[in-house]
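Every number for a ligand or one of its atoms is a count from 1 in the order of the listing.
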Amino acid sequence: MEDYKVYWEEESKQVCFLTKMKIFSGTANQKLAEKVVEKLGTKLFLPEKFIFPDGEERIRILEKVVGEDVVVVQPISSLVNENLIELCFTVDALKRSGAKKVTAVIPYLGYQRQDRVFRSGEAVSLLVVIKMLEAVGIDKVLTFDLHSIKIPQFFGIPVSHLSALTIFAERIIQERLNKGAVLVSPDMGGIRRIKIISKMLDNMPFTSIEKERDLTVGNIHAKKIYAPSNHKSLKNRNAIIIDDVISGGGTIIKAVELLISEGVSKIFVFATHPVFSQNAPVLLQDAPIERVYVTNTVLVTKDKQFPKLEILSVAGMIAKELTPQL
Ligand code: R5P
């Protein structure tokens with residue numbers, strides 16, 4: 001729990017802090033940036049963006065930022081490389097325009113799952129991305145639910161690592177989903193996360209699946225599920241899967257299949273980052289899942305939305321974290 005900054009604030013409450021910081025948004029998730037400035041009671045600034053015929057991008061800051069603290073909101077989500085470059089160019093433009101301090105709100109840090117060499121000969125892509133972010137002059141990063149809690153240590157600048165788990169716990173209580181249910185991590189990497197949310201929910205029982213991923217083609221196999229922490233059977237109980245990212249959806253689908261084979265009744269899914277690549281929305285909608293809850297760290301475009309999906313907002317948490325402590 002101590003690795004995350006947690007807030008129990010209801011998203012519906014207007015936070016409205018007074019801030020002198022200028023908030024800029026890239027194009028990756030302007031909707032989230034709009035919600036953040038609404039909470040802060042300030043206005044949003046958009047850099048001018050021009051794409052040359054050959055695909056090169058030009059970013060220009062039109063506002064005066066000399067000596068100011070500024071914020072840029074831009075997840076490194078799909079299209080990952082375009083959004084990364086846009087973030088770097090925006091920060092460079094702000095620094096050249098005289099900004100004193102640039103905080104990058106990167107709600108979803110793309111490339112975070114490539115945080116080590118899995119097979120010899122591979123690049124550690126995350127380290128390259130971090131070098132790029134630092135080289136352009138970002139002074140501080142604010143991000144959510146990193147794949148590994150070690151990632152902030154790879155940065156040479158401060159990182160505020162926030163978590164949507166509090167928002168999830170709040171929603172689970174509001175909808176009484178915890179009654180007789182068990183929390184499930186779809187892989188062993190998520191066990192720490194599941195223990196944290198279990199504590200938030202009054203030591204709710206939890207378990208984990210042992211997952212294997214083929215490193216060449218990415219195929220997933222849910223090998224087995226451990227006995228729940230309260231040693232009771234999963235049969236006829238509801239399951240709440242908690243994960244950090246849903247990308248192609250394979251991890252969730254394999255977990256659901258295993259849970260169904262164990263006799264679980266209803267399944268709910270909570271995941272922070274709706275990356276939703278390939279046909280993940282269709283897989284999730286068609287699977288025996290009651291509801292899929294995600295956050296707006298990544299923009300879910302209309303074509304990727306589906307009836308079972310509910311998007312919870314992290315804007316209040318970002319606004320609060322950006323507000324200087326009094
Ligand atoms: C993996 O360790 C992560 O926690 C997620 O479970 C995974 O990245 C999700 O990817 P996908 O939806 O493609 O299975």
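Residues meeting the side-chain contact (heavy atoms from CB on, under 4.5 Å) test with Glu210, sequence neighbours left out: Met188, Lys223, Lys224, Tyr226. Partners of Arg176 by side chain to side chain donor-acceptor pair (under 3.5 Å), not counting sequence neighbours: none found.
Side-chain heavy-atom separations under 4.5 angstrom define the hydrophobic clusters, and Leu62 shares its cluster with no other residue.
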- Task: Given side-chain hydrogen bond (donor to acceptor under 3.5 Å, both in side chains), test Ser163 with Asp145 step by step and report yes or no.
- Result: CA-CA 5 Å; Ser163 173; Asp145 286 320; 2.8 Å; yes
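Of the N and O atoms on the side chains of Asp244 and Tyr108, not one donor lies less than 3.5 Å from an acceptor on the other residue.
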For ligand 1, find each of its N or O atoms that sits under 3.5 Å from a protein N or O atom, and tabulate the pairs with distances to one decimal place.
residue  : atom   : partner : partner atom : Å
ligand 1 : 2 (O)  : Asp187  : OD2          : 3.2
ligand 1 : 4 (O)  : Asp243  : OD1          : 3.1
ligand 1 : 4 (O)  : Asp244  : OD1          : 2.6
ligand 1 : 6 (O)  : Asp243  : OD1          : 3.4
ligand 1 : 6 (O)  : Asp243  : OD2          : 2.6
ligand 1 : 8 (O)  : Arg113  : NH1          : 2.7
ligand 1 : 10 (O) : Arg213  : NH2          : 3.3
ligand 1 : 12 (O) : Ser247  : N            : 2.8
ligand 1 : 12 (O) : Gly248  : N            : 3.3
ligand 1 : 12 (O) : Gly249  : N            : 2.8
ligand 1 : 13 (O) : Gly248  : N            : 2.9
ligand 1 : 14 (O) : Arg213  : NH2          : 3.2
ligand 1 : 14 (O) : Thr251  : N            : 2.9
ligand 1 : 14 (O) : Thr251  : OG1          : 2.5

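For Phe268 and Phe168, the ring centers sit 6.0 Å or farther from each other.
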